[in-house]
A.B. asks: 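First the structure, then my questions, so here it is.
Note that this is a predicted model, so its numbers are computed, not measured.
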Amino acid sequence: SSLTLLGQLEMGAIASKQVVPDTIKAMPEDDRKKALADYQGKFRSIVRDCLDMEDQINAGDNSKAAATLDSILQIEDAGHKEYRKPNGRG
């Protein structure tokens, strides 16, 4: 179901928030702290959006849920562009 998949997305975001990408590990310490805070903030935003989306699905508001999913995908895409190495790995 949609809620099961959404729960998996949420749990994946929570787990991924704890992983420090190699691109951040390689930064000077001052830059690393700022980048890590930004990286983890992106995952907090995704988790918040997942909670909102769950409420939207439960309320039958599929158009809002679709818009929230778009927001999640935009955050994910921006994070991948910023923190993934060109080979596709953190």
Side-chain angles (χ1 to χ4, degrees):
S1 78
S2 297
L3 292 175
T4 300
L5 293 173
L6 181 59
Q8 291 172 354
L9 173 63
E10 184 179 345
M11 295 306 294
I14 291 168
S16 295
K17 184 172 83 75
Q18 304 307 315
V19 177
V20 180
D22 291 339
T23 53
I24 292 178
K25 289 178 186 176
M27 293 177 177
E29 186 173 349
D30 289 343
D31 294 339
R32 188 177 332 123
K33 287 179 183 180
K34 183 176 184 269
L36 185 58
D38 177 68
Y39 174 81
Q40 291 175 335
K42 286 182 184 346
F43 281 107
R44 284 191 301 275
S45 293
I46 289 172
V47 171
R48 283 186 196 104
D49 280 350
C50 285
L51 295 171
D52 289 343
M53 193 170 160
E54 181 179 354
D55 290 342
Q56 294 157 357
I57 290 169
N58 285 329
D61 196 342
N62 293 331
S63 61
K64 259 191 182 174
T68 301
L69 179 59
D70 285 342
S71 172
I72 291 169
L73 295 175
Q74 288 174 12
I75 295 167
E76 180 185 51
D77 187 50
H80 286 170
K81 286 179 181 173
E82 190 168 356
Y83 297 113
R84 275 196 172 171
K85 289 182 178 181
N87 66 4
R89 298 198 167 251

A.B. asks: Report the distance from atom CZ of F43 to atom CD of E76, rounding to the nearest 0.5 Å.
C.D. replies: 8.0 Å
A.B. asks: When you look at S71 and D49, which way does the side-chain hydrogen bond (donor to acceptor under 3.5 Å, both in side chains) test go after all the steps?
C.D. replies: CA-CA 8 Å; S71 172; D49 280 350; 3.0 Å; yes
A.B. asks: May I ask you to test the T23-E82 pair for a side-chain heavy-atom distance under 4.5 Å?
C.D. replies: no
A.B. asks: Do the charged groups of D77 and K81 touch, with an N to O distance under 4.0 Å?
C.D. replies: yes
A.B. asks: Start with the C-alpha gap between D70 and T68, add the side-chain angles, then the distance that decides, and say whether side-chain hydrogen bond (donor to acceptor under 3.5 Å, both in side chains) holds.
C.D. replies: CA-CA 5 Å; D70 285 342; T68 301; over 6 Å; no
A.B. asks: Looking at K17, I want to see if its NZ is surrounded by more than 12 non-hydrogen atoms of other residues, nucleotides or ligands under 6.0 Å.
C.D. replies: yes
A.B. asks: Measure the spacing between OG of S16 and CD of Q40 and express it to the nearest 0.5 Å.
C.D. replies: 11.5 Å
A.B. asks: CE of M11: more than 12 outside heavy atoms within 6.0 angstrom?
C.D. replies: no
A.B. asks: Could you grab the distance from atom CG of L69 to atom OG of S2, nearest 0.5 Å is fine?
C.D. replies: 10.0 Å
A.B. asks: Output yes when D38 and K42 qualify as a salt bridge under the 4.0 Å nitrogen-oxygen rule, no when they do not.
C.D. replies: yes
A.B. asks: Rounded to the nearest 0.5 Å, what's the gap from CZ on R32 to CG on D30? Could you check?
C.D. replies: 9.0 Å
A.B. asks: Between L9 and L5, is there a side-chain heavy-atom distance shorter than 4.5 Å?
C.D. replies: no
A.B. asks: Starting from L73, can I reach L6 by hopping between I/L/V/M/F/W/Y residues whose side chains sit under 4.5 Å apart?
C.D. replies: yes
A.B. asks: Counting N and O atoms only, with roles assigned by atom type, does the side chain of Y83 sit under 3.5 Å from a partner on the main chain of L36, one being a donor and the other an acceptor?
C.D. replies: no
A.B. asks: Under 4.5 Å between side-chain heavy atoms, counting indirect links through other Ile/Leu/Val/Met/Phe/Trp/Tyr residues: same cluster for I46 and L3 or not?
C.D. replies: yes
A.B. asks: Tell me, do I72 and M53 make a side-chain contact under 4.5 Å, heavy atoms counted?
C.D. replies: yes
A.B. asks: In terms of hydrophobic clustering (I, L, V, M, F, W, Y; side-chain heavy atoms under 4.5 Å; direct or indirect links), are I75 and V47 co-clustered?
C.D. replies: no
